[in-house]
Structure formats: structure tokens, C-alpha cells
Amino acid sequence: MLGEQITDKKKSGKISKVVQSIPPSGIREFFDLVMGRDDIISLGVGEPDFTTPWHIREACIYSLEKGYTTYTSNQGLAELRELICEEIHQDQRITYSPDSVLITTGVSEASDLAMRAILNPGEEVLVPEPSYVSYKPCISLAGGTPVPMETEREDEFRLTPEQLEKQITPKTRAVILSYPNNPTGAIMEKKHLEELTDAINEHNLIVISDEVYGKLTYNKKHTSITTLNGMKEQTIILNGFSKSHAMTGLRIGYAIAPEEIIDAMNKIHQYTMLCAPITAQMGAIEALQNGNAEMEKMKKEYNRRRRVFVRGLNRIGLDCATPGGAFYAFPSITATGLGSEEFAAQLLTEQQVAAVPGNAFGKSGEGHIRCSYATSLEELKIALERIEQFVEKSLLGRN
Amino acid sequence: MDDYRLRELLEVVEHNPKIPPEELAVMLGMSVEEVIQNIDRLEEQGVIRNYKTVIDWDAVGEEYVYAIIELKVALEDRSGYDTIAKRIAGFPEVRSVHLVSGDHDLSITVRGKSMKDVAFFVAEKIAPLKQIQGTVTHFVLKAYKEDGLILFGDEKPKRLPITP
Ligand SMILES: Cc1ncc(COP(=O)(O)O)c(C=O)c1O
């Protein structure tokens, strides 16, 4: 079961308390079961099935040929930071200076830096759940305390002002927004974000807004909370190229925030990372300059899969909200009477389809599974057939 | 239907002409009638020209030889290149005919059963045409990409099966 691996090992006292306190990832167990088997259709992958577009790979190769193999400034290449400012201006109509941008090794590093730059020991950070697995450990490692806010299917997994206000205490320092959301695919439109700003202002909260899926929305364009009145001063945007340009392995992302915060983040970054890899920075420049067409192509493909897959799930009887962004469907599996870990484990052994149990993304993810549709349409269709057989069987078993 | 969705319909059909209308409808968020009507109309208008099957003849032991042939043309009257181009296009051995810029005029591809086959065809049917001043034949040794289709096999997926 989960956690056994770690608790089994004899504790030698060499590991710090805070690291010991972090539970092992709920995804790990599944990984071990699936690894090395090629009869499995995996809907468990949190990254694009596309390879990085060729023109971006080519730009990376060319930069290596030209001898770009050095450090860059800590903050990252000026040209890249300028392009990022242009892009967010075009996309969201907000103006930032390149001094407000820090290039990082992915959103992962940026999120760690953000927590460490702002948190004092014991301060609380509100984390909407279900959501991406890294926020809580990053908060704990930075000496803070993560406080989950449960989002619900009936609100299409958006964060509501009630859920936000309920968890605010005098110790609350920041709130994470992670929309479009992994694992639910939920998005927050402008009107939904507006409902949160009163509480944010009143309690002077810092907003950490992970917008890594911001380019992958299907019916409504993504709105960054920084576009709302007064929010730019409160917000650290985390973003990157992993999802939008299928560049996960290049490890490249960035943070945009008021200069004071960027300077603080850079202070940590310069001693722990020095700079993001120059090859990836070169690729990111190419992505911003010439990457739109390929990005649109991938997005259209995701959208077609999304329509087919979500409809298929609902037809099978697994209630699934229509995801507005990212590339995940998050169906409820409660109709089968199984818990999400049980469901995922049995689906894997009986039908060779891997999906991630919803509770890996927080307690409120229980009763759901995360299915990534960053997988070919052919595979998705086979997966749907297999899930249907599995669901039918488990429904029969119940009656 | 708006231009954007029409384009998407075409993009999908271009690569997957066999998808049934019911499925296209779900994929594209349209009604089945919309899909059928639009495809009918696009076929009628000649926007969808043809549905093509790409066959790897080598795989069933039918080996073909391909050559790209440059032709220098001397125009003899005012009819321009069309007359000679159409005449050449009429041969079934000829797979494509393009008028091109540069130091030759027409570029054609020819398919035959053997190199001899192709060489004879060029020598007997193309070279003697009175407008043809010269030919240069390039035999195709290996095809890497054709009509936008990469032929050297997909890259193997390198993703781990489960990631957060
Ligand atoms: C919501 C979210 N944020 C951040 C990341 C990590 O992004 P990066 O590759 O930029 O570190 C992921 C990856 O799965 C994610 O889903």
C-alpha cells in the first residue's frame, strides 16, 4: 500500500523531520505497477504525447552548434524575458518589465522559489484541491503549512469565495490558484476570479497563480487574475513551456511578479540553480517567436480528443464535468461503488488501462480518477471500450 | 459554418478520410447533418478533390522505381507551357508534372517497374517530343517524406507511463 516503502525502511535519524513528514507520492505505486509493461494503455501521463515541435528542437541544436553552452545571467536571457513580457501583454493586456520576470527550470522550480521567498515559519498557504501534487510539499519544505480548500464537482471544481474565506486565518499568507487545473481540467473565468478579490485584498494575501495550462483552454480564453484591479501587485504568476509547447524535458519556465518578489526569488535561484539551461532558454525563444502554429495544432487535437473522450465517459455512466482546459478528464467513479484507488488498481489489472486515483491530488479527489487525454485518439477509444467493460462488470457485481 | 471550423473539418479529413460522420461530429462539436452537408458541399465544389490511399507497394513485393526528371522546353508557339505539360501529363507512367522556376522548365516524376523501364520511357516518349530540348533524370534512391507524410517510422514514445 501507499507509504509502505518509506515506513518499511529503518529510520536511521539521518533524514530531516520535515522531509520525513512529507508523504510519498500517491502516484508512485501505480508507476511501479505499470513500468515496463507494453500491454497497458496509460491515461496516467501528465505531459503531452507530442514531441517538442521540430523547429524548437532544431533551434536548440543550432544553439549548441554555435557554442551556446554557457551560463546565462541568473535571471535568464534578456531576449527571452522581453519576449515573455510581449507575450503576456498581447495575451492578457498587462504590462510587465523584463525585470519582473525570472527564468526558471520549469514551473516546478518557480513554485519552490515562490514559497521560499515569501513564507515565514508556520505561515499558511491555501491550496485548492484536487490539484497538482507539488504545492503542498513545496510549502512544507519552505517552512509553511499547507491548508487545503476543497473544490466540488457541483462548482465544476472552481474555487468559490466561500471555500476561500472559510480557511483564512491570521496566519494565512498566500493562496494558490491553479487554473486550468490538473487534475480536474477546471478553469476560472473572469467573473469567477472577481468573486475572490475581496477576500484577497481584505487579508492582503499573495496569490500564486500557476498558469502553466493557460494556453490550453478550449472554449473560453484563459484569464490571468493579474488582469483584475489591484491583483497584479499581489500576484506571482508561474508559467512555462512544458505543456503549451510540449517541452517538458527541457525544464524551462518562469515567474512573473512585482520586482521585489522576483528579486527575492532570484536571490535563492542564484545560489541553488544559478540559471536555467541555456539550450532550453534558446528553445523557449524560438517557441515564443515562431511556435504559435504548432501550438494551435496540438490544441485542436487535444480538443477533438476531449470531446470524444468526455462524451464517452458520460455515456458509460461515469459522470464527468466538461474540462475547460488542460488535458485531463476527471470522471466520478462513485456509481461503481469502488473507491478511487480500488477502481484504478482493478481497472489496471483487469483491463490494462492505467489512470491515476483522484485522491492522489488531495482528499477531495476521492471518488474520481484522472484520465489524461494526451494520448492518441485510437488509444483513447480502446481505453473507453475497456473502461466500459470494467464498469459494466462492477455494476453487475453490485446488483 | 464559420471558417475556423470548416478548416478544422478539412484538416481532420485530410489525414483521416475514413472517419465516419458520426464520429467527426463528436470530434468537431457539430451535428451529424452539418458534417454530412459540409462534406458533400466541399466535394461538389472540388475543395475536397480526392481521397487517396497511400500504399507501400514494396511491402507486397511490387517494387517500383521512381525518377524525378528535369525537362528543358523550347516553346514553339504562343500556347505556352500548357500544351506540352498536358501532353506529358497524359502518360500514366507520369505521376506528377510541375512547371518550375530555375534552369529547367518542367519537373516531372515517373514511375516504372525497373530503371530500364523508366529510361526507355524517357528516351522513347519524352525526349523525342519536339519541344523538349534536354532531359536530366534523377533516380530516387530512398523516400524520406512524401506529401507531408514522414516515411521513416514514428519516433518511439519516450514518456514515462505515469507522471503527475
Ligand atoms: C499544474 C502544474 N503545474 C506545474 C507542473 C510542472 O511544470 P514544469 O514542467 O514547468 O515544472 C505541472 C506538471 O504536470 C502541472 O500539472
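Quick caveat: nothing in here was measured; it's all calculated off a predicted structure. So that the names make sense, note that chain A is the first sequence line, chain B the second, and so on, each numbered from 1. The basis for the numbers below is simple: all heavy atoms, side chains too, and nothing from hydrogens, waters or symmetry mates.
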Under 4.5 Å from any heavy atom of chain B - which part of [X]:
| X | answer |
| --- | --- |
| Arg306(A) | neither |
| Leu377(A) | side chain |
| Val45(A) | both |

Review point. Given the options Pro183(A), Ser134(A), Gly249(A), Gly46(A), which has more heavy-atom pairs under 4.5 Å with chain B than any of the others?
Key: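 Among the listed options, the one with the most contacts to chain B is Gly46(A).
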Check your understanding: Based on non-hydrogen pairs under 4.5 Å, which of Lys297(A), Arg37(A), Glu301(A), Lys381(A) is most in contact with chain B?
Key ->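 Counting heavy-atom pairs under 4.5 Å, the top option is Lys381(A).
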Review point. Would you call Lys300(A) and Glu11(B) a salt bridge, using N to O less than 4.0 angstrom?
Key: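 Yes.
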Shortest non-hydrogen contact from [X] toward [Y]:
| X | Y | answer |
| --- | --- | --- |
| Pro161(B) | Phe31(A) | CD-CE1, 4.0 Å |
| Ile162(B) | Ser42(A) | CD1-OG, 4.2 Å |
| Val26(B) | Val308(A) | CG1-CA, 3.7 Å |

Heavy atoms of other groups near [X] [atom1], more than 12 under 6.0 Å:
| X | atom1 | value |
| --- | --- | --- |
| Lys113(B) | NZ | yes |
| Tyr144(B) | OH | no |
| Glu146(B) | CD | no |
| Lys221(A) | NZ | yes |
| Phe120(B) | CZ | no |
| Asp147(B) | CG | no |

Practice item. Give the C-alpha distance, both sets of side-chain angles, the deciding distance and a yes or no for side-chain contact (heavy atoms from CB on, under 4.5 Å) between Met35(A) and Leu160(B). Key: CA-CA 8 Å; Met35(A) 195 61 193; Leu160(B) 298 170; 4.1 Å; yes
Practice item. Output the distance between atom CZ (Arg304(A)) and atom CD1 (Ile19(B)), rounded to the nearest 0.5 Å. Key: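 Interatomic distance, Arg304(A) CZ to Ile19(B) CD1, rounded to 0.5 Å: 8.0 Å.
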Check your understanding: Would you call Thr51(A) and Lys158(B) a side-chain contact if the rule is heavy atoms closer than 4.5 Å?
Key ->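 Side-chain contact under 4.5 Å: no.
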**Study point:** Contact check, side chains of Arg159(B) and Thr375(A), non-hydrogen atoms, under 4.5 Å
**Key:**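 Yes - at least one pair of side-chain heavy atoms lies under 4.5 Å apart.
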Check your understanding: When you look at Met27(B) and Asn303(A), which way does the side-chain contact (heavy atoms from CB on, under 4.5 Å) test go after all the steps?
Key -> CA-CA 8 Å; Met27(B) 276 168 83; Asn303(A) 194 4; over 6 Å; no
